[in-house]
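Right, one structure below, let's go through it.
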2 protein chains.
Amino acid sequence: MGGMLREDLQALCSLPAALEAMGERWSFLILRGSFNGLHHFEEFQSELGIARNILANRLARLVGHGILVRAPCPDDRRKIEYRLTDKGYALLPTMIALRQWGERWETGVPATPILVDVRDGRPIRPVEVLSHDGRVLTKGDLHWALPEDVAREDEPEVKAAE
Amino acid sequence: MGGMLREDLQALCSLPAALEAMGERWSFLILRGSFNGLHHFEEFQSELGIARNILANRLARLVGHGILVRAPCPDDRRKIEYRLTDKGYALLPTMIALRQWGERWETGVPATPILVDVRDGRPIRPVEVLSHDGRVLTKGDLHWALPEDVAREDEPEVKAAE
DNA sequence: CAATTAGGTAGTGATTCGCAACCTAGTTGC
DNA sequence: GCAACTAGGTTGCGAATCACTACCTAATTG
């Protein structure tokens, strides 16, 4: 692979855009809190031990990016509920992948509460990069291609995941 | 789900450990550079436009965490090569997942150089959380369990991905 | 109507960031 | 073999961000 695509890679990769939304220090931990059922300012604050102004700033930023929605509780109008949007839920694979990486390479052991499939109680699979037909792809199996060079799905094989 | 596991979740989740290694501002972009074939200080610097002292700090930190290795080039001993370790390569699913999320929810359109399987030239599948037998799991399908409650793999079903 | 609670804002010092300049070892030109 | 150049940093400085504490306001409870 030559350096021909270098600038296109730089310009058009969506990783910087993703990092603009999620790249700040507490963002992923707040997201984890949301996935774990935290909804209120004080819950996040006491759970994460984050400074209040930073928490307020992060929550506002996550709301601004459409990852959380901010809604006053109808029963107690002092309370504000922060809930994940679809866009926020869509970060689940990223978060699980990062968590699994930390398990494998940083803490070294599987974390004690194990994330399992609720349907059969068995641990989830490691998050991996898969080809269209489900083969596991590693770094050498990947390639950058321009749209016109991409093989179209002429044969109706397995199309994405349903 | 009660708040019973709350503290265990907090204490034992490996996400904070992962973020300690990768949570800083430029870390993911440096990683992307490494995956895209950058190896030298000046390459990263001119490609990412990062400040030199910050780049030096990030590279040293990534090396310290075992994500990159630092090795002097044998042919030109001014040059230092930064290469991904296995631990660094293992971040591929996380990075792809984050990039795909950015494509779907931030930039809105698929990035122009498309990441494809080199074997058949077809785009890769979206990174997803899968059950042990390959079903796609969303947020409601997941559950925290203690090790003793986790279903063992007594029946030899599909075990991980081959 | 006083006390409490939820969700913030304001002020202050310590870190970190980005930018530019400088430095050092190794390499190349001649 | 000495000047010029290059790779990979380090240093200093101002700006932005961080964590910590105190304070504030609206709603709720006693």
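Naming: A, B, ... by sequence-line order, numbering from 1 per chain. Remember, it's a predicted structure, so these values are computed and weren't measured experimentally.
Considering CZ of A:Arg25 and CD1 of A:Ile30, their distance stands at 12.5 Å, rounded to 0.5 Å. Atoms CD and CD, from A:Glu81 and A:Glu43 in turn, are 9.0 Å apart once rounded to the nearest 0.5 Å.
Of the two residues contacting DNA chain C, namely B:Arg25 and A:Phe41, the nearest-nucleotide position lying further toward the 5' end is that of A:Phe41. Map A:Glu24 and B:Glu42 each onto its nearest nucleotide of DNA chain D; the residue landing nearer the 5' end is B:Glu42.
If you measure from atom CD1 of A:Ile54 to atom P of C:dG11, you get 16 Å, rounded to the nearest angstrom. Remark: P of D:dA7 and CZ of B:Phe44 are 15 Å apart, rounded to the nearest angstrom. With rounding to whole Å, B:Glu81 atom CD is found 13 Å from D:dG9 atom P. For the pair B:Tyr82 OH and D:dG8 C1', the interatomic distance rounds to 7 Å; values are reported in whole Å. Look at CG on A:Leu55: it is 17 Å from P on D:dT17, rounded to the nearest Å. Rounded to whole Å, atom P of D:dC18 lies 7 Å from atom CG of A:Asn57. Following rounding to the nearest Å, B:Ile30 (CD1) and D:dG8 (C1') show an atom-to-atom distance of 14 Å. Rounded to a whole Å, the CD1 atom of A:Ile50 is 15 Å from the P atom of D:dT17.
A salt bridge is absent between A:Glu128 and A:Arg135; no separation between the charged side-chain nitrogens and carboxylate oxygens falls under 4.0 Å.
By the criterion of side-chain heavy atoms lying less than 4.5 angstrom apart, applied directly or through intervening Ile, Leu, Val, Met, Phe, Trp or Tyr residues, B:Met22 is grouped together with B:Val63 in one hydrophobic cluster.
Across residues 58-80 of chain B, B:Arg70, B:Arg78, B:Lys79, B:Ile80 each have a non-hydrogen atom less than 4.0 Å from an atom of DNA chain D (numbered order).
Side chain B:Asn53 to base D:dG12: a donor-acceptor pair is found below 3.5 Å. Donor-acceptor pairing under 3.5 Å, judged by distance alone, is absent between the side chain of B:Arg52 and the base of C:dG18.
The side chain of A:Trp26 places no N or O atom within less than 4.0 Å of a non-bridging phosphate oxygen (OP1 or OP2) of D:dC18.
Judged as a salt bridge (Lys or Arg N to Asp or Glu O under 4.0 Å), and not counting sequence neighbours, A:Arg70 has no contacts.
Screening residues 58-96 of chain B for ring pair (Phe, Tyr, Trp, His ring centres under 6.0 Å), with sequence neighbours left out, gives B:Phe35-B:Tyr89.
B:Asn36 and A:Trp144 are linked by a side-chain donor-acceptor pair at a separation below 3.5 angstrom, with hydrogens and angles left out of the test.
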